Structure formats: structure tokens, C-alpha cells
Amino acid sequence: MEAVLAKYENQINVFSEFLEDLPDTDEPVWVLGECYNAKTGKTELLSDVHSRLWFTYRKKFSPIGGTGPSSDAGWGCMLRCGQMILAQALVCSQLGRAWRWRAEGGQPEKYHRILHCFLDRKDSCYSIHQMAQMGVGEGKSVGEWYGPNTVAQVLKKLALFDDWNSLAVYVSMDNTVVIEDIKKQCRQASRLRPRPCGWQEPFTSRETPEQACSHTDGHRATTCPHSQSHSDWRPLLLVIPLRMGINHINPVYIQALKECFKMPQSCGVLGGKPNLAYYFIGFVGEELIYLDPHTTQSAVEAGSGVDDQSYHCLRSPRRMKITNLDPSVALGFFCKSEDDFDSWCNLVQQEIQMKRNLRMFELVENHPPHWPPFVPPTKPEVQTTGAEFIESTDKLFESEEEFEILNV
């Protein structure tokens, strides 16, 4: 009976959220760079929202680190939001922004491969297991609550192990995005062998990348996944951690935040309320639209026939007033090509920097001379066993203090 209830938990919530249906308004609804009319384009709008990969609390997965928690309920919400913003980048990279999920099935193989990267198992490259254990290197014990900046750092490190997507994750510091550093990182080549879920190991000196591709998934790939290694640009996930105020969001940044959701490169925003993380995907009027990870579902068993229904939010999207947003956020943008990144830079200069008295963040051409030299990240040595668990629940809800306060 429990399994039956878990399977339909997502659908049951449709009725409980009925009163949160989209407003009947003439104002445009923006979702990750796409504009909709809530009256005439509601079907297309909901199809877009339902197509986003939705990661929530899960239970009954294998214990993290072998002896750790088997559920992330109560502490993993920001990790799940981090998974969602990364999954959106991978979907845009592999399937395109216009791709839509269909409940009746028939999804492309790349979709299933992306989904497998996030299953709750220790050998999935972006699983809750890998994220929690990588967070130990960022000073967070397994089972401890994360802030948006820490999750961004974890994603940056884990992406180094995923050669199939060859994603470059750049996390800005001191509210400053450095164009020179990003182009240096995105032009960095990779010479690694992919494994089925994206993990890899160095090639042997006797193999060329093309020869090594014959080992991928036990058969020769129709298109060499290493062809990206020789291209001029690796797809970019740009994450900008900010603190837009002290205790509450400063109203002077609200319009700039809205402009971020209008950009074609928008990949969403990590944020929420104190100790409640949400994945924000757009806005309508003075309300933000978000996906909520605070639903506990049973872990899905891996296999060729994974039921993906529970990975898509079939309810109407939830909303909250922008003024209720906690000031600690992380903006996300995806740029598939260098031209795409240059276009984003132009939009930032026109819509955020030139039109605002107080800037959300700085965009500079060259690496600041007073900063340490920029070194593109390389695959780290992971030595944690995942046994570093918190000793009490007192640490579960520590505040995040890793942001520079913007001038207000």
C-alpha cells in the first residue's frame, strides 16, 4: 500500500495545490527566458513547467557513505535545487530549450541518460550521495543544510567528473563575473574517458580518444563524445551567488532580478526563505514562480525502465511574493556557445548595468590585478568516505554567511 501511495503522491498533490493555480492576468508570465500569456497560452506554459526536471526529498535509498542517512528529508532541499538548476543546463545542452516532456513516454535517449545522472545511487554522478559527500570538502557534514553558494561550489567540482556533458561550471566571487576567466575555462580541453553515467578515467597512452569511445556503454558510440574536447567552447553553466540585502531583499534589485528571468540564457535561481530552498524558474507580476523540493518520495530503482513520472511536477507551479525572498540567492545562466555568452554579456550591460543605479553584480572584461591568478578548475582528489556526519540537529539550520553584502 505504501508503494502505491508513493507512486501517486505527485498526482495527489495536484488537488491540494488547486487554489495555487496561475492567476487570470494580462501580465506576461516569464519562465526561463520564454514569455507566455496566462490566458491564451496556458497549455504551452504548463507544458514548459512540467518539462523541467523536478527533484525532491527521497527516502529508502542506499545509506550515504554506507552508514549515513537513507533519506534527505529535512536537510537536502538546497541540494535538490542544485540538481534542478544543473539538470536544466544539461537539458538545454543536450536536448535544447524547446524540448518538451511527454507523460506518455517516448523520450529521447539523451533524456534518460541525463535522468540517470541524478538517480539516488552512489554511482550516479550528480546523485544526493555524490553531492553530500563532495560537500564535506566545502566544510559541510553529510546531513547538514546547505546555502546556495556552497551548492554552487559542489556542482562546480562534480562537473569535472562528467565528460559526457563536458560542462564548464563557473562560480563568480565577490559579485564579479570576469569575462576573461570564463573564456579561459570554457576553452580548456578535456582528455578523459566517459563511463555510462558520465564518470571517466584518463585514457591510456596507447589509445586515442576516438578508439576509447568504443568502450563507452559497451559499444561504439555513433558520435564520438570526445569531439567536444577539440571544439573551441565547452557549454557553460554560470552561477552568480549574491546577497541582495541584509535581512530582506532590497527593493532596488527586484527589477534587475526580473530581467534575469527574461534572458534566453536564464537557468533559474537558487534561493527561498530561511532554511527553505526553492528553485525559481520565472515570475508573473510581483510573484516568483518556483519548483518546491519539499515533497518526500520513495527512491526510484535504477534500470532501463525507470518510471520518470515522479521527476516532473504535474501540479500548477507555486508562487511567492518577491519581497518575501531571502536575500541570499544564486543566479544561474546557461551559454551553449561563445556567441551565446557574448550575447548574455551584452544583455547584462544593457538591461542591468546601464539602467540600474545599484548593480546586482559587476561584469568586467579582464581579471582584476589584485586577485590571485585564475586557474581553471581540475578534477580534485576525493578522499572522503562519507562518514563525516553531523553530531546533532543543532547544525541542521545554520545560517549561510558566505556572501558579500551588496551596497545598499
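As the structure is a prediction and not an experimental result, all values here were calculated from the model. Starting from 1, each residue takes its place in the sequence as its number. Quick note: numbers below take in every heavy atom, side chains included, and nothing from hydrogens, waters or symmetry partners.
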Q) Are Glu138 and Lys157 close enough, and set up right, to give a salt bridge (charged side-chain N to carboxylate O under 4.0 Å, His left out), and what steps lead you there? A) CA-CA 10 Å; Glu138 297 297 321; Lys157 290 183 176 180; 2.7 Å; yes
(Q) Does Leu238 form a side chain to side chain contact (heavy atoms under 4.5 Å, CB included) with Cys335? I'd like the steps, not just the answer. (A) CA-CA 8 Å; Leu238 169 59; Cys335 302; 5.8 Å; no
Q) side chain to side chain contact (heavy atoms under 4.5 Å, CB included) between Leu119 and Arg58: does it pass, once the steps are laid out? A) CA-CA 10 Å; Leu119 295 183; Arg58 296 278 174 171; over 6 Å; no
Q: Kindly determine whether Ile85 and Leu155 satisfy side chain to side chain contact (heavy atoms under 4.5 Å, CB included), including the steps that lead there.
A: CA-CA 10 Å; Ile85 199 171; Leu155 295 178; 4.1 Å; yes
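In this structure, the side chain of His367 engages the main chain of Pro372 through a donor-acceptor pair within 3.5 Å. Looking only at distances, no side-chain donor or acceptor of Ser166 sits under 3.5 Å from a matching main-chain atom of Arg234. Proximity of a side-chain donor or acceptor of His129 to a complementary backbone N or O of Ser62 within less than 3.5 Å is detected. Put simply, the side chain of Gln185 gets close to the backbone of Val169: a donor and an acceptor are under 3.5 Å apart. Side-chain atoms of Arg319 do not come within 3.5 Å of backbone N or O of Ile289 as any donor-acceptor pair.
The two residues Trp145 and Cys77 have their closest heavy-atom pair at NE1-SG, 3.2 Å.
How far CD of Gln133 is from CG of Leu158: 10.0 Å, rounded to the nearest 0.5 Å. Ile249 CD1 to Thr323 OG1: the interatomic distance, rounded to the nearest 0.5 Å, is 8.5 Å. Taking CZ from Phe118 and CG from Leu53, the interatomic distance works out to 7.5 Å, rounded to the nearest 0.5 Å.
Salt bridge annotation for Glu286-Lys258: present, with a cationic side-chain nitrogen under 4.0 angstrom from a carboxylate oxygen. Salt bridge annotation for Arg100-Glu44: absent, with no cationic side-chain nitrogen under 4.0 angstrom from a carboxylate oxygen. Taking a cutoff of 4.0 Å between a charged side-chain nitrogen and a carboxylate oxygen, Glu180 and Lys184 do not qualify as a salt bridge. A salt bridge between Lys42 and Asp24 is absent, with no side-chain N of the basic residue lying under 4.0 Å from a carboxylate O of the acidic one.
Aromatic ring pairs are classed by plane angle as parallel below 30°, tilted from 30° to 60° and perpendicular above 60°; the pair Tyr311 and Phe55 is perpendicular.
Around NZ of Lys262, the count of heavy atoms belonging to other residues, nucleotides or ligands within 6.0 Å exceeds 12.
No side-chain donor from either of Trp233 and Asp340 sits under 3.5 Å from a side-chain acceptor of the other. Counted by atom type alone, Thr295 and Arg80 present zero donor-acceptor pairs between their side chains at under 3.5 Å. Between Gln297 and Thr56, the side chains place a donor N or O and an acceptor N or O closer than 3.5 Å (distance only, hydrogens not considered).
Using a 4.5 Å heavy-atom threshold, the side chains of Trp164 and Lys110 count as touching. Looking at Leu314 and Gln309, their side chains come closer than 4.5 Å, going by heavy atoms from C-beta outward.
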